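Data first, discussion second: the structure below is written as structure tokens.
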Amino acid sequence: MSNANIPPPPRVPPPVPAYTGPGSPRDVPPPAGSFPIDPATLPKPIRDELQAPDPVAIDTSAAELKDGLNRCPKCGATDIRHKAGSDLLICLYCRNEWQGKRVEEEFGLGAGIDQLKGRIIASGARDIDAAAASLMSFKCTGCGAEVTVNTESTMTARCHWCRHVFGVNEQVANGAVPDAVLPFHIKKDDAVARIRQFVDKRRLFALQAFKEQFTPENVIGVYLPYMIVDGNVSSNVAGQGEIETRRYTQGSGDKKKTYYDADVYQLDRHVDFTVDDLTLESSTERGNLDTRANTNNIINTILPFDTKNAVKWNASYLSGFTSEKRDRDVEHLQPRLEDQLLSIARAQVQASVRQYNRGVRWEQERLDVHGTRWVSMYLPIWLYSYHQPGSKGGLLHYIAVNGRTGETMGSVPVQQWKLLLAALTVGGFLEGIALWIIGASS
Amino acid sequence: MSDDGGLWLLLMGPAGAVGVYWALYRHYRNTDKSHAFERETAVQAKPVTGSDQKVDEVKGTQRTRIPGDNVHEYRKRVQRIQGDSS
């Protein structure tokens, strides 16, 4: 029986939906703070709103962190919470405070990226077992009662009989328990202030109903699932570039035209590089960045996080917050990773083709992935949402605050008639000037 | 004033209106924003190597850029030559 040792064919994952759509992520985003029109040319109310300050992001380089368990190491109580504004856990019984271990040092995630070979997957990033249920039952060790935790949205529960607190710490196959968690640093009050500041910059043309119902105090702290990927890759790109050799004009007056001569070059570029902590959404819903259908690009924009400071998983960090469960495996995310690695490669070679002053047309690209390392992580986000009614179920607008750096981004629904009126007013004003110039010169 | 110049000036109004609408819409809705991973990820690259070979000359073109210029459009994929992936 020679066939007995042949491994079964690998399971082919379902095709990944293309991440396309206007705006993102196919377009390279503009530099932060840039605006396509010079604000000085706009009327004063619009200019004032545009030039109001943005919420400031803070630097969050945390100190070395230490160990944490679900039981208080001092008194053994289970009523443990995350201490707001820090990476500390605090025992609500004896007020003891302690810190979780950083996964960066614990698992050696920061080192040896250039030596990576093959695909290394951390235990919390393993493939999701489709049969694993979201609802999990625990036997309370205090009183023996059955307690159920819905891992779709929460990772802790309290026994309603004896008040014992449970956390889902075991890495179950349903994808709910990641390798690491990055605790919230930005407190709720701070997040509320940032959202308010963000919206105050966008009031003039905002939807009336949005302004009336705006209550940033309803912001929710949520841990969203991500895959943090290190990669060791090489890339080749080939194409053609042009260098201008001569520029001349022919004709005179209205018939004057500029002509160019140029040398055409065939270009090949090769670059070896490593990426550290590339962050990918590992939930199907959050990974869909089609701006026609949703505003998930807002949550994507507040990346990156200081993932170096992530601590070992401990469900107590999630107490009081909600969470979303991972539903994508490494295999599903591989095309997205390769797409981003190719984009990085193209950005890396750009400096080497600066002399081609008439531009470069890349025609072919190749990516060799030598090694990758995948770690699943819960990252903290303050999320304010507003549902704008409309056709096809309307649109859910998010304003998101990075729970570590405070970076804020949002989608504010617009009052179309006001925006059109402003555009037509400016257009009419310009047209008036144009007509005046034509009238004066004829 | 020539007819051509007059026509261009008359387009100033509609162009200004569209420009203001588009710029303000994006300021509010931020549909053009996404994570700039090309700039914001820690990348350690070895020096770029490669070759440049002159293959042709263009004479008397009115184009200001090479056709299909995509040097800044990192995210627009071009023909993929299959490499290793792990």
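The structure displayed is predicted, hence computed values, not measured ones. Letters go in sequence order (proteins before strands), and every chain restarts at 1.
For the pair B:V71/A:Q350, a side-chain contact is recorded, criterion being any heavy-atom separation below 4.5 Å from C-beta on. The side-chain heavy atoms of B:Q62 and A:K257, taken from C-beta on, include a pair separated by under 4.5 Å.
A donor-acceptor pair shorter than 3.5 Å can be found between the side chains of A:Q364 and B:Q79.
No other option in A:V414, A:D277, A:T425 has as many heavy-atom pairs under 4.5 Å with chain B as A:V414. The most heavy-atom pairs under 4.5 Å with chain B, out of A:E242, A:Q250, A:R247, come from A:E242. For the set B:D52, B:T41, B:L24, the entry with the most heavy-atom pairs within less than 4.5 Å of chain A is B:D52. The most heavy-atom pairs under 4.5 Å with chain B, out of A:L50, A:I302, A:T295, A:T279, come from A:L50. Heavy-atom pairs under 4.5 Å with chain A were tallied for B:N30, B:L11, B:D56, B:N70; the largest tally goes to B:N70. Residue with the most contacts toward chain A among B:A23, B:G16, B:P47: B:A23 (heavy-atom pairs, distance under 4.5 Å). Interface check for chain A: of the options B:I81, B:V43, B:I66, B:V20, the most heavy-atom pairs under 4.5 Å are formed by B:I66. When each of B:E57, B:M12, B:K46, B:K54 is checked for heavy-atom pairs under 4.5 Å with chain A, B:K54 comes out on top. Between chain B and the residues A:Y260, A:F205, A:Y248, the most heavy-atom pairs under 4.5 angstrom are made by A:Y260.
Considering all non-hydrogen atoms of both residues, A:A423 and B:Y21 come closest at CB-CB, 3.8 Å.
With values rounded to the nearest 0.5 angstrom, B:H35 atom NE2 is found 8.5 Å from A:E281 atom CD.
With respect to A:S343, the side chain to side chain donor-acceptor pair (under 3.5 Å) criterion is satisfied by exactly one of B:R77, B:E38, B:E73, B:K76: B:R77.
Under a 4.0 Å N-O distance rule, the pair A:R361/B:D69 does not qualify as a salt bridge.
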Please test B:R80 against A:E338 for salt bridge (charged side-chain N to carboxylate O under 4.0 Å, His left out), starting from the C-alpha separation and ending with a verdict.
-> CA-CA 11 Å; B:R80 175 95 179 256; A:E338 291 184 7; 2.8 Å; yes
